[in-house]
Amino acid sequence: MADELTDVQRQNLELVGRMLEVGERAGLAGLAAEFNAFFDRDVEWVPRLVGFGERAFRGKEGFQQYIAEVTETVGELSFSGSEVRAVGDDRVLALGRVHVVGRKSGLPFEDEYAFLYRVEADRVVSAQAFLSHAQAEEAAADA
C-alpha cells in the first residue's frame with residue numbers, strides 16, 4: 001500500500017508521525033515546545049478532553065490555554081500506540097490510546113483516542129479529536 005501513496009501523503013504521514021512521537025515521548029508540553037515545527041500559527045485544535053469537542057483552541061496561545069485547562073483536571077496524560085493513515089491529500093487519521101489519571105480523584109482511565117489532522121504546506125492547520133476510532137474513521141470517510 002505504501003507504493004500507492006502520493007509524495008504529499010507521505011510527507012503528511014511523516015509530519016504527523018514525528019509530531020506523535022514527540023507527544024508520546026514528551027507529552028503536551030513537548031508539543032508546545034516544538035509547536036512551530038508541526039503546527040500552522042493559526043492552527044485550530046478541537047480536543048475532546050476539554051470542552052468535549054464543542055470548543056476550538058486557535059494558534060499557539062490557544063494550544064497553551066488547552067494545556068493549562070487539561071492540567072487543571074488531569075494529573076497524568078499520555079497517548080500511545082498511534083497508527084497513522086493518509087486520508088486524501090490533505091488529511092491524516094491517527095488512531096491510538098489515551099491514558100488519563102484525574103488530578104483530584106486519582107482515578108485512571110484508558111480508552112481509544114483519535115485525531116483527524118488537516119495538513120497544508122507541511123504544517124497541521126487543524127486537529128479534531130474523537131473518543132472512538134469508529135467516530136474518527138467515519139469523519140475521515142466524510143472528509
Side-chain angles (χ1 to χ4, degrees), residues 1-6 8-40 42-120 122-143:
M1 174 154 178
D3 294 329
E4 299 173 15
L5 295 174
T6 67
V8 170
Q9 288 172 323
R10 279 190 194 90
Q11 290 170 351
N12 292 347
L13 288 171
E14 288 172 12
L15 172 73
V16 171
R18 288 191 316 268
M19 182 185 67
L20 292 172
E21 286 175 18
V22 169
E24 287 183 17
R25 180 179 25 93
L28 293 175
L31 284 175
E34 295 192 39
F35 184 91
N36 294 332
F38 302 115
F39 300 105
D40 181 81
D42 296 320
V43 65
E44 179 180 78
W45 188 271
V46 183
R48 290 288 189 235
L49 295 175
V50 172
F52 302 101
E54 297 173 9
R55 185 165 149 216
F57 296 84
R58 288 186 172 67
K60 191 171 189 174
E61 253 182 46
F63 189 70
Q64 291 170 332
Q65 178 64 35
Y66 165 67
I67 293 171
E69 290 185 25
V70 167
T71 302
E72 286 177 14
T73 57
V74 174
E76 196 178 303
L77 172 67
S78 62
F79 299 93
S80 63
S82 296
E83 170 193 345
V84 293
R85 300 179 196 162
V87 179
D89 278 337
D90 68 343
R91 296 184 199 273
V92 174
L93 177 65
L95 306 173
R97 301 207 48 91
V98 63
H99 174 79
V100 178
V101 176
R103 178 165 298 287
K104 292 182 181 176
S105 71
L107 295 174
F109 170 79
E110 186 169 328
D111 207 349
E112 294 179 341
Y113 204 67
F115 270 98
L116 183 58
Y117 300 100
R118 190 164 55 87
V119 180
E120 292 178 6
D122 204 29
R123 292 291 177 266
V124 173
V125 296
S126 71
Q128 183 174 4
F130 298 88
L131 294 177
S132 80
H133 293 175
Q135 287 175 339
E137 288 170 325
E138 184 177 319
D142 292 340

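Sequence positions, counted from 1, serve as the residue numbers for this chain.
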Should the heavy atoms of other residues, nucleotides or ligands under 6.0 Å from CD of Glu110 be counted, would the total exceed 12?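 Enclosed.
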
Under a plain distance cut-off of 3.5 Å, with no hydrogens placed, do Gln65 and Glu69 share a side-chain donor-acceptor pair?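 Yes, a side-chain donor-acceptor pair sits under 3.5 Å.
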
Test your reading of the model: is there a side-chain donor-acceptor pair from [X] to the backbone of [Y], 3.5 Å cut-off?
{"X": "His99", "Y": "Asp111", "value": "no"}
{"X": "Glu112", "Y": "His133", "value": "yes"}
{"X": "Arg123", "Y": "Asn36", "value": "yes"}
{"X": "Arg103", "Y": "Val74", "value": "yes"}

Roughly how far apart are [X] [atom1] and [Y] [atom2], rounded to 0.5 Å?
{"X": "Thr71", "Y": "Leu28", "atom1": "OG1", "atom2": "CG", "answer": "7.5 Å"}
{"X": "Leu31", "Y": "Glu21", "atom1": "CG", "atom2": "CD", "answer": "11.5 Å"}
{"X": "Gln9", "Y": "Asn12", "atom1": "CD", "atom2": "CG", "answer": "8.0 Å"}
{"X": "Asp40", "Y": "Ser126", "atom1": "CG", "atom2": "OG", "answer": "10.0 Å"}
{"X": "Arg48", "Y": "Arg55", "atom1": "CZ", "atom2": "CZ", "answer": "14.0 Å"}

Are [X] and [Y] close enough that some pair of their side-chain heavy atoms sits under 4.5 Å apart?
{"X": "Met19", "Y": "Val16", "answer": "yes"}
{"X": "Val43", "Y": "Phe35", "answer": "yes"}
{"X": "Phe39", "Y": "Lys60", "answer": "no"}
{"X": "Leu20", "Y": "Val22", "answer": "no"}
{"X": "Val101", "Y": "Phe109", "answer": "no"}

Could you pull out all donor-acceptor pairs under 3.5 Å where a side-chain atom in residues 80-89 meets a protein atom, sequence neighbours excluded?
unit_1: Ser82; atom_1: OG; unit_2: Glu24; atom_2: OE2; d: 3.3
unit_1: Glu83; atom_1: OE2; unit_2: Arg85; atom_2: NE; d: 2.8
unit_1: Glu83; atom_1: OE2; unit_2: Arg85; atom_2: NH2; d: 3.2
unit_1: Arg85; atom_1: NH1; unit_2: Glu137; atom_2: OE2; d: 2.8
unit_1: Arg85; atom_1: NH2; unit_2: Glu137; atom_2: OE2; d: 3.2
unit_1: Asp89; atom_1: OD1; unit_2: Thr6; atom_2: OG1; d: 3.2

With sequence neighbours excluded, residues passing ring pair (Phe, Tyr, Trp, His ring centres under 6.0 Å) with Phe115: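 Per chain and number, Phe115 pairs via ring pair (Phe, Tyr, Trp, His ring centres under 6.0 Å) with Trp45, Tyr113, Tyr117.
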
[X] versus [Y], closest heavy-atom pair with distance:
{"X": "Ala56", "Y": "Val46", "result": "CB-CG2, 3.9 Å"}
{"X": "Ala136", "Y": "Ala114", "result": "CB-CB, 3.4 Å"}
{"X": "Leu116", "Y": "Ala143", "result": "CD2-CB, 4.5 Å"}

Arg118: which residues meet the side-chain hydrogen bond (donor to acceptor under 3.5 Å, both in side chains) condition with it, sequence neighbours left out?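 Checked Arg118 against side-chain hydrogen bond (donor to acceptor under 3.5 Å, both in side chains); matches are Glu120.
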
What's the verdict on side-chain contact (heavy atoms from CB on, under 4.5 Å) for Val125 and Val119, showing C-alpha distance, side-chain angles and the deciding distance? CA-CA 6 Å; Val125 296; Val119 180; over 6 Å; no

For a side-chain contact (heavy atoms from CB on, under 4.5 Å) check, start with the C-alpha distance between Leu15 and Leu13, then their side-chain angles and the critical distance, and finish with the verdict. CA-CA 5 Å; Leu15 172 73; Leu13 288 171; over 6 Å; no

